[in-house]
Amino acid sequence: MKTDKRATLGGKLSAVLVAAGSSVGLGNIWRFPYVAGENGGGSFLLVYALCVLLLGLPILLAEFAVGRAAHRNTVGAYRTLAPAWRFLGYNGVVTALLIMGFYFVVSGWTLEYTVHSLTGELGRYATAEAYASAFDAFIRDPWRPAVYTVLFVLLTHGIIAWGVQKGIERSAKVLMPLLFLVLVVLAVRSLLMPGSAEGLRFLFAPDFSKITARTLLVAMGQAFFSLSIGMGCMVTYASYFNSDTNLRHTALHVTVLDTLVALLAGIVIFPAVFSSGIAPTSGPSLVFVTLPGIFNSLPLSMVWSTGFFLLLVIATLTSTISLHEVATAYFHEEWHLSRKAAAWTTTLLVGTIGILASLSVGVLNGWRIAGLNLFDALDALTANILMPLGGLCTSLFVGWRLDRRTFDEQLTNRGKLRFRIRSVLIFLLRYLCPLVLLAIFLDNLGVFKGL
Ligand code: PFF
């Protein structure tokens with residue numbers, strides 16, 4: 001095993017930062033508000049928080065333990081720890097490729113919005129309807145969004161090709177706190193808009209009658225997506241952690257940060273949504289239609305909007321890097337390609353899917369998979385099926401199959417740390433996570449309907 005040749009990440013801070021860099025991204029700022037808006041607001045938030053705490057956190061820890069114990073890409077990790085569970089690694093690589101297929105499209109939108117902020121184009125409209133139709137016209141354009149998608153893929157490729165340590169660490173370190181700060185300012189501005197209280201009520205007051213099997217599935221999918229779990233990303237990243245990294249603290253910090261950013265995004269979006277009469281159920285366009293209105297109401301609007309979208313591009317980049325790394329590390333270590341060739345293989349694959357997904361919003365919209373265009377189908381397939389399935393198998397693997405000593409060693413750094421929550425964690429991974437995940441799946445298939 002050539003583990004000594006693999007890069008490791010610096011200190012404790014770096015592990016938290018790169019893992020948070022992966023988890024904080026479009027999932028928090030674009031996906032969370034629109035999915036919460038479509039699924040009942042407060043009731044969604046409640047179920048989401050429970051999913052993060054009871055399913056997300058334990059599975060994140062489980063993936064950290066697997067990754068650092070094996071010191072390999074996600075397929076290699078399961079192959080060495082228990083060959084029969086290799087499929088879980090493959091599930092991760094395939095999921096990463098499919099997520100990138102649509103994630104790069106939205107990444108491209110944020111890049112275009114950065115450019116539009118700079119040129120002043122984004123400040124030109126006056127009403128929410130005008131922003132909605134401008135957004136619509138842009139994403140349906142046959143070539144511009146596809147070009148931005150490819151640009152984003154190449155940007156990610158550049159950083160990946162630079163090497164794990166330098167590329168990932170540098171980009172994550174400085175700019176995340178800045179994004180947080182800008183979000184706080186925007187939240188304050190949004191809360192000062194007339195009628196904003198309605199938005200807060202929507203986000204925080206749960207209406208239990210709105211919780212359905214679908215709410216549970218979507219909230220669970222969102223939790224997995226947002227934390228980057230259920231698909232080997234955190235296994236891959238943890239394989240670069242050094243032996244002193246405290247996995248429990250890292251997992252806790254990442255979960256708290258990730259949830260805070262999603263909440264903040266909700267506090268930015270919903271007051272403004274209600275204040276300007278936009279439907280909270282507007283779907284993927286929600287953030288792109290709401291935010292320009294908030295920027296327009298600020299002095300120096302162009303500075304705010306350029307700053308925000310630039311930071312969003314960077315937060316997105318730290319997520320696309322982590323997705324790309326799942327596949328690149330796999331091609332590099334399992335297929336024995338050079339790192340450069342491995343990165344190009346990933347880039348060409350996701351570039352192709354990305355272009356098709358981008359076109360599927362416009363000219364290829366008639367091309368349907370189970371009633372959805374390619375973009376929506378990739379999103380639904382990964383977040384609602386593949387990631388929860390990956391999470392289910394991960395909890396079963398670590399709960400039942402992984403050697404308990406290996407698990408303990410990872411969580412205590414070979415006996416150096418105390419491990420007081422051990423029995424709770426094992427209970428969650430053995431019983432609660434698999435049962436809840438299974439129940440939610442079956443419920444959505446309608447299995448409990450007749451009962
Ligand atoms: N967690 C990222 C986000 O919330 O934007 C998306 C993501 C990144 C999902 C990496 C999965 C992954 F492996």
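Positions are given from 1, in the same order as the sequence printed here. In each ligand, atom 1 is the first atom listed, and ligand 1 is the first ligand listed.
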Worksheet item: Short question: side chain of Ser22, backbone of Val18 - any donor-acceptor pair under 3.5 Å?
Response: no
Worksheet item: Ser319 and Ser322: side-chain donor and acceptor closer than 3.5 Å?
Response: no
Worksheet item: Which of the listed options, Gln222, Met100, Met231, holds the heavy atom that is closest to atom 11 (C) of ligand 1?
Response: Met231
Worksheet item: Checking ring-ring contact (aromatic ring centres under 6.0 Å, His included) against Phe375, which of Tyr103, Trp109, Trp367, Phe104 comes through?
Response: Trp109
Discussion item. Under a 4.0 angstrom heavy-atom cut-off, which atoms of ligand 1 come close to Gly27?
Written reply: 3 (C), 4 (O), 5 (O)
Worksheet item: Do the side-chain N and O atoms of Asp258 and Thr255 include a donor-acceptor pair separated by under 3.5 angstrom?
Response: no
Worksheet item: If we ignore angles and hydrogens, is there a donor and acceptor under 3.5 Å between the side chains of His324 and Thr347?
Response: yes
Worksheet item: Are there more than 12 heavy atoms of other residues, nucleotides or ligands under 6.0 Å from atom CH2 of Trp400?
Response: yes
Fill in: Taking atom 12 (C) of ligand 1 as the reference point, the nearest protein heavy atom with its distance
Leu323 CD2, 3.3 Å
Discussion item. As an exercise, identify every atom of ligand 1 less than 4.0 angstrom from a heavy atom of Leu26.
Written reply: 5 (O)
Discussion item. Suppose we call two aromatic rings close when their centres sit under 6.0 Å apart. Are Tyr78 and Phe397 close by that rule?
Written reply: yes
Worksheet, complete the sentence: Atoms of ligand 1 under 4.0 Å from any heavy atom of Asn28, numbered from 1 in the order shown, are 4 (O)
Practice prompt. Looking only at protein heavy atoms, identify the closest one to atom 8 (C) of ligand 1 and say how far it is in Å.
Written response: Ser228 OG, 3.3 Å
Item to complete: Considering only non-hydrogen protein atoms, determine which one is nearest to atom 4 (O) of ligand 1 and report residue, atom name and distance to 0.1 Å.
Response: Ser23 O, 2.9 Å
Discussion item. Students should be able to answer this: which protein heavy-atom is nearest to atom 9 (C) of ligand 1, and at what distance?
Written reply: Phe225 O, 3.4 Å
Worksheet item: Can you check whether Ser322 has an N/O within less than 3.5 Å of an N/O in ligand 1?
Response: no
Worksheet entry | Nearest-contact summary for atom 5 (O) of ligand 1 - protein heavy atom, Å | Tyr103 OH, 2.4 Å
Item to complete: Check the pair Asn91 / Cys393 against side chain to side chain contact (heavy atoms under 4.5 Å, CB included), numbers first and verdict last.
Response: CA-CA 10 Å; Asn91 179 66; Cys393 296; over 6 Å; no
Worksheet item: Got the closest protein heavy atom to atom 2 (C) of ligand 1, with its distance?
Response: Ser22 O, 3.3 Å
